[in-house]
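Written out below as structure tokens is the structure these notes cover.
A note on names: the letters A, B, ... follow the listed sequences, proteins ahead of strands, and every chain is numbered from 1. The structure presented is a predicted model; accordingly, all values stated were derived computationally and were not measured.
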Amino acid sequence: MTGDDGVAALRADRLGKRYGRMWALRDCTFSVPAGSVVGLVGPNGAGKTTLLSLTVGLLAATEGEIAVFGQRSRAYTADTLARVSYLAQDHPLYSGFTVADMLHLGRSMNPRWDQALARTRLDRLGIPLERKIKTLSGGQQAQISLTMALAKRAPLLALDEPVASLDPIARLEFMRDVMAASADTGLTVIIASHVISELERLCDWLLLLTAGRLQLAGPVDDLVAAHQVLTVPRATADAELPGTVISRTDSDRHSTVLTAADLGQLASGLRPGWQAEAVSFEQLLIAYLQRPTTALPASEPPDDPARPGGRARSARTGVTS
Amino acid sequence: MIWVTWRQHRAQAITCLALFCALAVIAIPYGIAMRTTFSNDGLPACLARSGGAGCPAAITSFVDEFGHGAGMLLNLPLIAAPGFLGIVVGAPLLGRELERGTWRMAWTQTVPRTRWLITKLGLVTGGLVLFGAAVTAVMTWYHGPLDRVTSRLQPVPSNAEGLTFTASLLCSFGLAVLAGLLLRNTIGAMVAGYIAWEIPSTVLVLLNGPIHFPPPATTRIPCRAGCPGAGIGSVPPVTGHLGDFVLGVTRSGGELVVSYLPASRFWTLQLIGGGLYLAIAAATLGTAIWLLHQRTT
């Protein structure tokens with residue numbers, strides 16, 4: 001799946017993370033080539049933040065491993081921290097600091113810190129260095145966080161719901177800046193987001209998680225090419241359809257089916273009167289997000305997430321998805 | 001990291017400096033006045049000549065003037081100050097990072113969180129030790145003349161002399177740091193830290209009052225001329241030594257049985273009190289570092 005000769009920018013091998021008896025992420029295997037912009041999609045609680053936290057070294061894996069540019073991520077070690085810039089959900093900053101103080105913090109806590117880059121970016125954005133963080137808008141705070149992440153000069157940039165709290169204009173500007181940084185420096189980017197339209201514009205790679213399981217992983221173009229939307233008579237059974245049925249909507253006479261079938265399977269499986277269409281990015285995502293999740297293996301039954309113990313535990317660790 | 005620690009604790013450092021200055025502004029003129037009266041009353045000569053036995057009236061008048069009332073008011077805030085200042089500095093150190101979510105930013109820079117914590121704790125502890133030592137130095141100087149004619153073992157001067165003040169400050173700091181990690185909340189950590197700090201403080205008050213540890217010394221003094229006026233408050237003490245803290249005097253036949261804390265116990269008692277506070281400080285800070293290091297979730 002790397003599609004690249006070099007070392008994968010991000011490679012997970014049977015990665016799993018358990019809180020108490022509840023698996024937040026399980027059996028996650030993928031390999032992303034350098035320079036990709038990866039969309040990380042899934043419902044709340046699917047394990048997105050867990051996956052990002054494992055990547056940046058905020059969490060230790062329960063099983064398996066995740067590696068950034070060939071180096072296994074280990075929780076809270078300087079070399080893991082140096083390889084990934086992380087922009088946490090709600091872009092936390094010290095509200096009593098000035099912008100200049102935040103840059104000073106970045107400089108004193110990161111050996112490869114690029115002060116010129118940070119100053120130039122903030123100057124271009126018109127964010128005054130002497131202003132206190134708490135007096136700035138959410139969009140400006142997000143931009144400061146992004147500036148700090150970029151000035152850290154790590155080869156992988158991990159963004160957790162970076163635009164969730166921003167207005168539409170701030171979203172556009174923020175994402176445009178992420179893309180520019182990726183294009184300019186060959187930075188590999190992984191973005192957890194709910195905003196499908198945004199991901200469609202930005203991402204060339206996709207990771208889709210539901211209930212702690214990886215459902216889709218691959219280049220967006222390949223994934224789109226590997227799925228078809230068929231319009232078939234309602235009476236058609238799933239077994240007669242080519243490939244694996246991901247979603248099916250029945251109307252009076254017809255059924256619209258999204259199926260995981262490549263063109264070869266489609267050519268041999270298509271019956272007269274059936275219509276086949278290319279799937280859109282959004283259709284593909286919605287179909288997988290709505291798909292009933294297959295139960296986790298019986299050997300380790302997942303706990304009821306609503307159990308007080310389980311919930312308290314995940315609340316304590318601050319992991320929300 | 002040094003700069004980050006300074007920036008995050010700058011306001012607290014300035015506040016401590018301001019409090020120290022306020023203390024010095026009151027203590028120094030008053031201390032100078034005390035010294036002037038001390039020599040005008042001829043006390044230094046009397047102490048050198050007779051160990052205080054020759055001038056009980058002068059000593060009593062000096063202690064009445066400076067050892068009670070306004071002179072001792074300065075000591076009252078110092079009883080609760082170490083507990084209060086320690087939690088104000090300690091509770092946000094981890095509590096606010098966890099409460100506001102800024103730990104995700106702070107711990108994903110290139111400094112591993114254990115080093116981050118050890119550096120911060122080291123620097124802040126150093127600052128608190130400096131502050132505690134400065135307060136102790138001023139108060140010890142301020143009490144100087146009184147300490148020559150009364151006992152330093154009484155609860156009030158001893159809380160601001162020797163090790164007690166600094167150790168107590170570090171104890172409440174450590175308790176509040178650990179509470180911040182466990183409760184993930186600044187205000188909660190302050191309350192929990194202060195309540196926890198009251199435990200060793202109460203134990204030490206008890207050790208100074210109803211229970212004495214180590215047990216008081218006892219001495220028997222033969223009575224001359226029927227032991228007139230010999231009691232707990234006699235000046236100089238019935239033991240004949242000005243620094244001794246007399247706890248009880250009973251007559252038994254021709255003798256006085258005196259239960260007292262010898263002046264030479266000052267450092268023993270300081271080491272017991274300071275040691276208890278410092279042991280708690282070391283244990284709580286060590287536990288906080290260990291918990292943060294171990295935590296993988």
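Judged by distance alone, the side chain of A/K152 and the main-chain N or O of B/T110 form no donor-acceptor pair under 3.5 Å.
Rounded to the nearest 0.5 Å, atoms CG (A/L93) and OG1 (B/T102) are 9.0 Å apart.
The greatest number of non-hydrogen atom pairs below 4.5 Å with chain A, out of B/E97, B/R100, B/M1, B/Q109, is found for B/Q109. Counting heavy-atom pairs closer than 4.5 Å to chain B, the top residue among A/S85, A/A82, A/A78 is A/A78.
Heavy-atom proximity under 4.5 angstrom to chain B picks out nothing from residues 133-144 of chain A. Contacts from residues 158-174 of chain B to chain A, taken as heavy-atom pairs separated by less than 4.5 Å, involve no residues at all. For residues 107-116 of chain A, heavy-atom neighbours of chain B at less than 4.5 Å comprise A/S108, A/M109, A/N110, A/P111, sorted by residue number. For residues 5-24 of chain B, a heavy-atom distance under 4.5 Å to chain A picks out B/R7, B/Q8, given by residue number.
Only the side chain of A/S95 comes within less than 4.5 Å of a heavy atom of chain B; its backbone N, CA, C and O stay farther away.
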| task | Report the C-alpha distance between A/Y76 and B/L292 in whole Å, list the side-chain angles of each, state the deciding distance to 0.1 Å, and finish with yes or no for side chain to side chain contact (heavy atoms under 4.5 Å, CB included). | result | CA-CA 10 Å; A/Y76 293 108; B/L292 194 69; over 6 Å; no
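Shown here is A/R74, whose CZ atom has no more than 12 heavy atoms of other residues, nucleotides or ligands within 6.0 Å. The number of heavy-atom neighbours closer than 6.0 Å to CG of B/L291, taken from other residues, nucleotides and ligands shown, is above 12. Atom CZ of A/F69 is surrounded by more than 12 heavy atoms from other residues, nucleotides or ligands within 6.0 Å.
For the pair B/R104/A/D160, no side-chain contact is recorded, criterion being any heavy-atom separation below 4.5 Å from C-beta on.
Of all the heavy atoms in B/T108 and A/L81, the pair that sits closest is CA-CD2, 3.9 Å.
Under the 30°/60° scheme for interplanar angles, the aromatic rings of B/W3 and A/H104 are found to lie parallel.
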